[in-house]
Amino acid sequence: NAGVMQNPRHLVRRRGQEARLRCSPMKGHSHVYWYRQLPEEGLKFMVYLQKENIIDESGMPKERFSAEFPKEGPSILRIQQVVRGDSAAYFCASSPLQRDTEAFFGQGTRLTVV
Amino acid sequence: SQQGEEDPQALSIQEGENATMNCSYKTSINNLQWYRQNSGRGLVHLILIRSNEREKHSGRLRVTLDTSKKSSSLLITASRAADTASYFCATDAMNNDMRFGAGTRLTVKP
């Protein structure tokens, strides 16, 4: 059972381009969380999704950011028209449907906007 | 908004000493989890404590939870240089959101 897979591990984008970050949850997990981590800082919650549903996107910037978790395929975090301030590590975590279980994290995608 | 708040922000100790980190949170929770992150890496789950539990042990780790004070502590006994990392608490709230604090950066000097 492979762990949470994020790709790419490193992503470089020029200002104004789009960034697509992928997260494949662990097999059997139906909850996905996305977090952003700026250098030397903690993890900031962005969005919580279940299959085909956004449950809580209160941590997502209102513009340029979107997330989805389709019925088939990975969860996608999409950042349009990237700016330098978007440079960060983006982590996703997945957990199963059952309550009181740990979440498993991917290794993160490090986005650099140049 | 963030849920957990860890303190101290940074902690530096000698190998062999104990390290205690604290976490406070704001809303009712189902459980609280502690994670470790080595520099530039992903997060590793350490321990989960449910809201009806008061204390939990795992190896050199001891976690306590006080729901009346909305706080938890992580104790690492007999620390080692390899324990150097950032430690985060995460709260699983009633709506199954999982929120993290800013973390405690622990440095264990050999």
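Chain identifiers are assigned alphabetically (A, B, ...) following the order of the sequence lines, protein sequences preceding nucleic acid strands; residue numbering begins at 1 within each chain.
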Q: Under 4.5 Å heavy-atom distance to chain B, tell me which part of Gln37(A) shows up: side chain, backbone, both or neither.
A: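 Only the side chain of Gln37(A) comes within 4.5 Å of chain B.
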Q) Is the Phe88(B)-Phe91(A) ring centre distance short of 6.0 angstrom? A)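 Centroid separation for Phe88(B) and Phe91(A): 6.0 Å or greater.
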Is the number of heavy atoms from other residues, nucleotides or ligands within 6.0 Å of [atom1] ([X]) greater than 12?
X        : atom1 : value
Glu63(A) : CD    : no
Glu18(A) : CD    : yes
Arg80(B) : CZ    : no
Arg60(B) : CZ    : yes
Glu15(B) : CD    : yes

**Q.** Heavy-atom pairs under 4.5 Å with chain A, option from His45(B), Arg105(B), Gln9(B) with the top count
**A.** His45(B)
Q: Starting at NE2 of His31(A), measure out to CG of Asp92(B) and round the result to the nearest 0.5 Å.
A: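 It comes to 9.5 Å.
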Q) What's the spacing between Ser58(A) OG and Arg99(B) CZ if we round to 0.5 Å? A)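 Nearest 0.5 Å value for the OG-CZ distance: 4.0 Å.
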Q: Please test Tyr35(A) against Phe100(B) for ring pair (Phe, Tyr, Trp, His ring centres under 6.0 Å), starting from the C-alpha separation and ending with a verdict.
A: CA-CA 9 Å; Tyr35(A) 299 88; Phe100(B) 284 80; 5.0 Å; yes
**Q.** Heavy-atom proximity to chain A below 4.5 Å, by part of Gln37(B)
**A.** side chain
Q. Can you get from Ile79(A) to Met46(A) by hopping between Ile, Leu, Val, Met, Phe, Trp and Tyr side chains that sit under 4.5 Å apart?
A.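 Cluster IDs for Ile79(A) and Met46(A) match.
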